[in-house]
Amino acid sequence: MFYDVKDQLTQLIDRFCNSRGLPVGKVEFRSIPFSGEWGIAAPLFPLAAADPDKTLPVPKKAQALAEVLKDQVADLPGFSRVEAVRGYLNLYFEPRQYAERVVSAVLKAGEAFGTREKQGKQVMVEYSNPNTHKPLHVGHLRNVILGGSVCNILEASGKKVIRANYIGDIGLHVIKWMCNYETFHQGEQPGKDIMRWMADLYAESDRRFADDPDFQAQVRAYFGRWDAGDAQIHALWEKTRGWSMQGFQQVYELLGEHFDRIYFESDVEESGKVLVEGLIQSGLAEDGRPENPVIIDLDKKLGTKEEYRVAVILRSDGTSLYATKEIPLAIMKFEEYDLDQSIYVIDVRQSLHMKQMSKVLELMGYPWAGKIRHLAYEIVNLPGNVTMSSRDGTVVLLDDLIREATQRALEVVREKNPSLDPEVMQDVAEKVALGAIKYPMVARENTKIVTFDWDSALDFNGQSAPYIQYAVVRANSILRRFNQPVPSEAAFGHEMLPVEVNLIEKISQLPDVILKAAAEFKPSLIATYAFELAQVFNDFYTQCPVLSAEGSARLSRVLLVKAAKIALENGLSTLGIQSPQVM
RNA sequence: GUUUCCGUGGCCUAAUGGAUAAGGCACUGGCCUCCGAAGCCAGUCAUGUGGGUUCGAAUCCCACCGGAAACACCA
């Protein structure tokens, strides 16, 4: 916030540098540690190091520069105090003015606080990418929450975002499911809980396929009929895929996710095969059929060594692969939309494939190939660094997790707040449970493995979404008791406590945090910020009376509480986490 | 073998190259006649190893150690 103040300062420092023959642009601002008093600091070491006059060591030179600059900036308006300490020029804001500016800006912007005007071209983010006929597990959750959150953050930073979902609706897993269904569950219909039903049948077909050679043979025959275009099987496929999509839709609604464009794997299979033929014609791809697959030897083409390896783009029997379909999909995206960036939220294990794909597109001559970006994230493991495996039955199904967490949250709400209306209770429990589940998925860096364990997933204390939500509820409680309309212009005439200043400072950081998170595709920055803001708010809450405050402090603090609540809610919402008003 | 990612207290995590490395969990002890105790306060404990770059390194570079992953027909 308050770039104008920083601009003024920068100009002043630049003029100073010019007059002294020092390089311009060496001075950046950061905040002063050890708060209590709000201000910005300029470390002068880079400037000191750039000074051609080397008679003084850098730290001493920095201190000398700070002292000279201190006098120059002494009469800038809006600052209460300037000091030169250990090579830093520290400027302390006039606290009242500062408080009024921050709080008024937040109250005025409301839900839009922290978001920027739309600017620039649109960005597509592909995420979620589930397979039909299969259950969703905690690994899928990280993808959905990370992808959705990145979309929210990009939107808040001013980008137009297209949310894309690429559905795996064909392949062996689908054939297995249908073959099992037709043989053992002919005519059955999904109940209300479609995902659970589909998942149970998938597990059953998977088990049969692994254990029963007869069933395996049956599935192979079934696959043959599918390939031959059997009308009955295709009709069943359409129907069962529809069930799966309905199930996904239920989950997305529960998670608060939506998509603007859905691509199906089946849509790009044929065009992929056609493209492969073209690649063979143009000499980029080598056709090794019938013994070997169709490949592109990228290292050979590029003269690199063990860097791009060999991309296999069509099986030796002519059937399609992952890579076969990725190429037409990427093209389709750029044909349909004028994109500034095409982002793929896909786990880190596919890094080489993503690298190969964008290189192939580049070699094919598409000028936009460089706009493709793989947003890699690490997988979700179990304690002891155990990978979840459906074969070992160690996967944690999303369904079970949500159910369990909601149940647990409901018990806690009932215990903490027994007088609530049962419907409100249920609503609160869902928001708390979903928040608790989502938060760990975005609270660590994308490249770090998330370890899932039931204890911490169901723990609503400490650094967690419920902790942050609780701060919102406390703030709301004060506002409810205040029970008067809150003006959007703040005035701070009273002597402020350090906790108040800290809170204001933290609130003011949200816009910058969002911009940084957007630039780096890191929701974790906001997750950390929101928690810290909640901590500072709790500090304020325990140390600073609001409704019982004397004189003008009362209204000022009410306004501050409102501003804090807005910042907390806006931070959470970019993470896809809702804020209950009571809990 | 090649490449990528990770390594911070007992466990998990944070820190635009900048000031005294910040939190959470767990553990121990305290705090509800006072705006909601899902909270607050207090206490013990940390940058894998060795070099280098820099005025300054958890952060950048090199080597090594430890863990994970990818590397021609699964996605």
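Numbers restart at 1 for each chain; the letters A, B, ... are given by sequence-line order, proteins then strands. Note: hydrogens, waters and symmetry copies are ignored here, and every other heavy atom, side chains too, is used.
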- Message: Once rounded to the nearest 0.5 Å, what's the spacing between atom CE of A:Met388 and atom CD1 of A:Ile379?
- Response: 7.5 Å
- Would you say B:G7 has OP1 or OP2 under 4.0 Å from some side-chain N or O of A:Lys448? yes
- Task: Quote, to the nearest angstrom, the P distance that separates B:A58 from B:A15.
- Result: 15 Å
- Nearest-Å distance for atom pair CG/P, residues A:Leu533 and B:A14: 19 Å
- Counting only non-hydrogen atoms, which of residues 410-421 of chain A are less than 4.0 Å from RNA chain B? A:Val412, A:Val413, A:Lys416, A:Asn417
- Item | Contacts of type side chain to side chain contact (heavy atoms under 4.5 Å, CB included), residue A:Tyr344, not counting sequence neighbours | A:Glu126, A:Glu326, A:Ala330, A:Lys333, A:Ser342, A:Ile346, A:Met354, A:Met357, A:Ile372
- Let me know the distance between OH of A:Tyr377 and C1' of B:U4, rounded to the nearest Å. 17 Å
- Task: Could you work out the separation of B:C27 and B:C5 based on their C1' atoms and round it to a whole Å?
- Result: 33 Å
- Which atom pair, heavy atoms only, marks the closest approach of A:Pro523 to A:Leu575? O-CD2, 3.7 Å
- Task: With heavy atoms under 4.0 Å as the rule, sort A:Lys516 into base, sugar-phosphate or nothing.
- Result: sugar-phosphate
- Query: Centre of A:Phe264's six-membered ring, under 6.0 Å away, within 45 degrees of the axis: is that where NZ or CZ of A:Arg241 sits?
  - Reply: yes
- In short, salt bridge (Lys or Arg N to Asp or Glu O under 4.0 Å) pairs touching residues 404-421 of chain A with sequence neighbours left out are none
- Message: Under a 3.5 Å distance rule, please check whether A:Asp453 uses its side chain to pair with a backbone N or O of A:Pro383 as donor and acceptor.
- Response: no
- Could you check how far OH of A:Tyr439 sits from C1' of B:C12, rounded to whole Å? 13 Å
- Query: What integer number of Å spans the C1' atoms of B:A26 and B:A63?
  - Reply: 38 Å
- Taking atom types as modelled, is there a side-chain donor on A:Tyr467 or A:Asn538 under 3.5 Å from an acceptor on the other? yes
- P spacing across the pair B:C73 / B:A68, given as an integer number of angstrom: 23 Å
- Could you say whether A:Phe531 or A:Arg30 is positioned toward the 5' end of RNA chain B, judged by the nucleotide with the nearest heavy atom to each? A:Arg30
- Query: Where does RNA chain B form stems of at least three consecutive Watson-Crick or G-U wobble pairs, each pair having both distances below 3.5 Å?
  - Reply: B:1-7 with B:65-71, B:10-13 with B:22-25, B:27-31 with B:39-43, B:48-52 with B:60-64
- Where protein sits on nucleotides 66-75 of chain B, one letter per nucleotide: B base, S sugar-phosphate only, - none, heavy atoms under 4.0 Å: -SSSSBBBSB
- Message: Working note: A:Arg554 + A:Glu550, criterion salt bridge (charged side-chain N to carboxylate O under 4.0 Å, His left out); need CA distance, chi angles, decisive distance, verdict.
- Response: CA-CA 6 Å; A:Arg554 185 167 191 263; A:Glu550 298 292 325; over 6 Å; no
- Message: Whether A:Glu83 and A:Lys70 form a salt bridge (side-chain N of Lys/Arg under 4.0 Å from carboxylate O of Asp/Glu) is what I want to check.
- Response: no
Donor-acceptor list for residues 428-441 of chain A side chains, cut-off 3.5 Å, not counting sequence neighbours:
{"residue": "A:Lys431", "atom": "NZ", "partner": "A:Asp427", "partner atom": "OD2", "Å": "3.1"}
{"residue": "A:Lys438", "atom": "NZ", "partner": "A:Leu255", "partner atom": "O", "Å": "2.7"}
{"residue": "A:Lys438", "atom": "NZ", "partner": "A:Gly576", "partner atom": "O", "Å": "2.5"}
{"residue": "A:Tyr439", "atom": "OH", "partner": "A:Gln463", "partner atom": "NE2", "Å": "3.3"}
{"residue": "A:Tyr439", "atom": "OH", "partner": "A:Ala527", "partner atom": "O", "Å": "2.7"}

- According to the 5.5 Å centroid and 30° plane-angle thresholds, does A:Tyr467 stack upon the nucleobase of B:G39? no
- Query: Which heavy-atom pair separates A:Asn165 from A:Ser128 by the least distance, and what is that distance?
  - Reply: OD1-CB, 3.7 Å
